[in-house]
Amino acid sequence: MMIGGGRSSSSSSTATAAGGTWVSTTSVSASGKRIQREMSELNADPPPHCSAAPKGDNLFHWVATIIGPPGTPYQGGIFFLDIAFPSDYPFQPPKVVFKTRIYHCNVDAAGNLSLDILKDSWSPALTISKVLTAIRSIFSNPDPYSPLTSGVARLYLADKAKHDEIASEWTLRFAK
């Protein structure tokens, strides 16, 4: 009887520990709480022409949209992005990838993005709203001196009108 009682007790504490571990790695982790807070702030006061929300029920995987700013070759385009938050967010930056094709010197063919705040200039003080605002700003102010697509950067520097014509064509073709 005592042995059975002992086993039952240890089995119960193991189940509790397993349950506790499962809960803490999903909805109760510090990263999860931070992401939930940022989601609330984003919903209350979204950056202009941007939106983002979790994909399904995974708090660490989001889909974002950015509308191409007026006065740019991306004007009116709807650009979808994939955002993956690391488990140690906000101490590491989210991984952001364009899912919509875009003709831009700071975005490669796979949709990877070159943006300083998503790499060396990342700070835990940054939020997903600030990241979306920074991404939207590269539509108007690309950085051809730190390109992921050097051919696009060269054209931007040598013949901006031709660059903008191609970027507009891509926007019409892939983002509308």
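The chain is numbered in sequence order, starting from 1. Just so it is clear, the structure is predicted and the values come from calculations on it, not from any experiment.
Not a single donor-acceptor pair under 3.5 Å links the side chain of Thr149 to the backbone N or O of Gly151. Checking side-chain atoms of Glu38 against main-chain N and O of Ile128 turns up a donor-acceptor pair under 3.5 Å. A donor-acceptor pair under 3.5 Å is formed between the side chain of Thr171 and the backbone N or O of Pro73.
Heavy-atom minimum distance, Ser121 versus Leu126: O-CD1, 4.1 Å. In plain terms, the two heavy atoms of Leu59 and Ile35 that are nearest each other are O-CG2, 3.5 Å. Of all heavy-atom pairs between Asp82 and Val63, the closest is OD1-CG2, 4.5 Å. Here the closest non-hydrogen pair linking Ser114 and Ser146 is OG-O, 3.5 Å. Scanning both residues, Lys130 and Ile117, for their nearest heavy atoms gives O-CD1, 4.3 Å.
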Listed pairs under 3.5 Å, donor-acceptor, residues 98-105 side chains, sequence neighbours left out:
{"from": "Thr100", "atom 1": "OG1", "to": "Phe80", "atom 2": "N", "distance (Å)": "2.8"}
{"from": "His104", "atom 1": "ND1", "to": "Asn106", "atom 2": "N", "distance (Å)": "3.0"}
{"from": "His104", "atom 1": "NE2", "to": "Ile138", "atom 2": "O", "distance (Å)": "2.7"}

Under 3.5 Å donor-acceptor pairs involving side-chain atoms of residues 42-52, not counting sequence neighbours:
{"from": "Asn43", "atom 1": "ND2", "to": "Met39", "atom 2": "O", "distance (Å)": "3.3"}
{"from": "Ser51", "atom 1": "OG", "to": "Thr65", "atom 2": "OG1", "distance (Å)": "2.5"}

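Residue pairs that meet the salt bridge (charged side-chain N to carboxylate O under 4.0 Å, His left out) test with at least one member in residues 159-176, sequence neighbours left out, are Lys160-Asp164, Lys162-Glu165.
Residues Ser29 and Tyr89 fail the side-chain proximity criterion, which asks for heavy atoms closer than 4.5 Å.
A single hydrophobic cluster is not seen to contain both Ile135 and Leu148; linkage of ILVMFWY side chains at heavy-atom distances under 4.5 Å, directly or through other members, places them apart. If you chain together hydrophobic residues whose side chains sit under 4.5 Å apart, Val97 and Val131 never meet in one group. One hydrophobic cluster, built from ILVMFWY side chains closer than 4.5 Å, cannot hold both Val152 and Tyr74; they sit in different ones. No single ILVMFWY cluster, assembled from side-chain heavy atoms under 4.5 Å apart, contains both Ile166 and Leu172.
Partners of Arg136 under the salt bridge (charged side-chain N to carboxylate O under 4.0 Å, His left out) rule, at least two apart in sequence or in another chain, do not exist in this structure. By the ring-ring contact (aromatic ring centres under 6.0 Å, His included) test, Phe79 is found to be paired with Phe139, residues two or more places apart in sequence or in another chain being considered.
For the atom pair CG of Leu132 and CG of Leu81, the computed distance is 7.5 Å after rounding to the nearest 0.5 Å. To the nearest 0.5 Å, atoms CD (Gln92) and OG (Ser31) are separated by 10.5 Å.
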>> What verdict does the side-chain contact (heavy atoms from CB on, under 4.5 Å) test give for Leu118 and Lys95, after you've listed the backbone C-alpha separation in whole Å, the side-chain angles of each residue and the deciding distance to 0.1 Å?
In response: CA-CA 7 Å; Leu118 293 176; Lys95 170 78 171 147; over 6 Å; no
> For Leu115 and Trp122, what are the C-alpha separation, side-chain angles and deciding distance, and is it a side-chain contact (heavy atoms from CB on, under 4.5 Å)?
Replying inline: CA-CA 10 Å; Leu115 190 62; Trp122 175 255; over 6 Å; no
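Members clustered with Phe91: none, using a 4.5 Å side-chain heavy-atom cutoff among hydrophobic residues.
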